[in-house]
2 protein chains.
Amino acid sequence: MRNECIDCDCVLKSSVELKDCQMEMLGGHHAVVKFRKGDPVIKQGVFSTNVIFLRKGMAKVHITGPSREQIVRLVKAPTYLGLPTTFGDKINQYSVTAVLDSEVCFIDLGVFKKLLSENREFNSYILLELCKSELEAYRRCASRTQKQMRGNLADVLLEFSEHLFESDQFTLPLSQSDIGNWVDAGRESINRALSEFIQDDIIEMTGRKVKITNKKLLKTISQNG
Amino acid sequence: MRNECIDCDCVLKSSVELKDCQMEMLGGHHAVVKFRKGDPVIKQGVFSTNVIFLRKGMAKVHITGPSREQIVRLVKAPTYLGLPTTFGDKINQYSVTAVLDSEVCFIDLGVFKKLLSENREFNSYILLELCKSELEAYRRCASRTQKQMRGNLADVLLEFSEHLFESDQFTLPLSQSDIGNWVDAGRESINRALSEFIQDDIIEMTGRKVKITNKKLLKTISQNG
DNA sequence: TTTAATTTGTGAGATATGTCACATCTTTCT
DNA sequence: AGAAAGATGTGACATATCTCACAAATTAAA
């Protein structure tokens with residue numbers, strides 16, 4: 001029986017050649033699960049001893065704030081998730097919810113740690129990922145609080161276009177109120193701002209389908225808050 | 001000559017017994033520098049190949065946002081700094097400035113990495129620290145944007161009292177405008193809120209000396225935004 | 001010590017966004 | 001298909017906070 005891990009991005013993504021024996025270890029201690037759009041993958045506050053690898057799809061990472069649910073990032077496959085939990089409390093410190101149909105690989109923490117200690121490259125890779133996340137969090141926080149809504153919304157649209165979907169046309173995987181929870185704004189404000197963007201011929205929208213028609217202006221808005 | 005690293009918290013802090021040879025390596029490749037209150041330790045945008053260990057004192061970590069300088073965290077010794085930079089770009093992604101007289105140990109990146117790969121415990125320790133920072137950043141971001149000013153200011157005062165100085169009386173190491181840059185508020189707003197706290201007998205202030213007289217209420221304010 | 005620079009204290013007015021309220025669409029479930 | 005739940009438009013109003021302005025007090029520099 002062919003070990004499915006061999007073809008999995010878990011391995012490719014880390015740009016690491018795992019040894020055969022390591023491959024086998026991974027193969028024997030993981031579980032691939034499919035999630036439907038909207039399904040919770042990790043729930044904040046729940047005990048966990050798995051590292052999560054998002055193989056396919058897209059998910060939102062969110063934590064419960066003082067008054068509402070705060071989306072901290074939106075990630076697309078392939079990527080690891082739940083690392084901070086894993087090394088820390090064993091209690092999930094945030095929730096992850098699929099926003100598109102997704103496939104997730106649950107990897108046993110023990111196996112993951114063993115891999116980490118046996119494979120130096122893999123270790124460096126994970127270290128680097130964590131560093132990047134931290135910096136990203138800092139930057140986001142600074143932008144979000146200093147820019148005003150239009151700027152933040154522009155950011156999000158550009159994020160969709162440039163990183164998540166890599167296209168000027170895409171279907172919003174989030175509701176307007178979720179976008180609000182992401183950029184710290186009320187649902188109504190997001191709605192009004194989107195209408196303005198349409199009015200100003202920056203985007204076209206049909207339902208949740210978005211087409212960016214004036215990316216240059218959008219970037220200006222993103223920068224000038 | 002006695003290797004000063006032996007007594008340094010670098011080692012203690014990590015709860016790791018470094019081997020003698022590792023100690024020596026560290027001893028030969030580091031430089032201890034003293035900074036005065038207000039001095040920049042790391043400057044965003046500058047090339048760097050050192051890991052920074054804050055031995056003594058206190059420092060603010062800040063990044064330049066769209067419109068103003070954003071303080072992302074305030075740290076006290078002993079702690080590592082600049083890790084994300086180190087593993088990533090080699091260009092400092094944020095600035096660090098001493099807010100109290102401090103002592104910093106610059107450790108050569110190569111040596112640090114070698115240590116990391118040779119000492120599994122040390123590696124885990126650093127990994128864990130990074131995870132904690134990331135989570136902390138998420139939580140902060142959610143609080144800051146969802147609470148209103150009084151709540152955030154209360155947070156900061158409690159942070160000083162409980163984590164940074166571990167006392168109900170302390171001297172603010174930041175100006176009011178810096179506190180504003182930390183909690184995303186204007187200097188004037190901070191000032192007014194502090195006056196209110198004094199009026200409501202929550203704190204006493206003489207210059208920058210603060211004494212928390214009603215911590216319970218302060219915590220309530222912190223929670224209820 | 002004198003001067004300059006930086007902080008702190010306070011007021012009045014402008015404004016971006018939140019909040020509430022309802023109508024209209026969509027999607028989901030039975 | 002029909003009902004229920006959720007998502008989207010849009011208005012009017014309240015309000016927390018920013019901005020500008022200027023004086024007093026503190027700290028640093030010359």
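Here is how names work: the chains are called A, B, and so on, in the same order as the sequence lines, proteins then strands, and each is numbered from 1.
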Might you work through the salt bridge (Lys or Arg N to Asp or Glu O under 4.0 Å) test for A/Arg68 and A/Asp184, ending with a clear yes or no? CA-CA 10 Å; A/Arg68 55 176 172 73; A/Asp184 315 306; 3.5 Å; yes
Do [X] and [Y] come close enough that some side-chain heavy atom pair is under 4.5 Å?
{"X": "B/Lys37", "Y": "B/Asp39", "result": "no"}
{"X": "B/Leu81", "Y": "B/Phe53", "result": "no"}
{"X": "A/Lys215", "Y": "A/Glu162", "result": "yes"}
{"X": "A/Val32", "Y": "A/Arg55", "result": "yes"}
{"X": "A/Glu159", "Y": "A/Leu74", "result": "no"}

Protein within reach of the bases, or only the backbone? For nucleotides 15-30 of chain D, mark each nucleotide 5' to 3' as B, S or -, using heavy atoms under 4.0 Å. -SSSBBB---------
Can you check whether A/Thr64's main-chain N or O pairs, donor with acceptor, with A/Gln44's side chain at less than 3.5 Å?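 Yes: the side chain of A/Gln44 pairs with the backbone of A/Thr64.
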Rounded to the nearest angstrom, tell me the gap between atom CZ in A/Phe197 and atom P in D/dT8.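 My rounded result for the distance is 16 Å.
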Can you tell me the distance, in whole Å, between the CD1 atom of A/Ile190 and the C1' atom of C/dA16?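 Result: 13 Å.
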Looking only at heavy atoms, what is the nearest atom pair of A/Gly82 and A/Tyr94, with distance?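 So the minimum-distance heavy-atom pair works out to N-OH, 3.0 Å.
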Got a sec? Which of residues 167-180 of chain A come in under 4.0 Å of DNA chain D, heavy atoms?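 Nucleic-acid contacts, sorted: A/Ser175, A/Gln176.
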Sugar-phosphate, base or nothing in reach of B/Arg208, heavy atoms under 4.0 Å: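 Counting heavy atoms under 4.0 Å across all strands, the contact made by B/Arg208 is with sugar-phosphate only.
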When you measure from the side-chain N and O atoms of B/Asn191 to the phosphate of C/dG9, is any distance below 4.0 Å, counting only OP1 and OP2?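 For B/Asn191, the contact criterion (side-chain N or O under 4.0 Å from OP1 or OP2 of C/dG9) is met.
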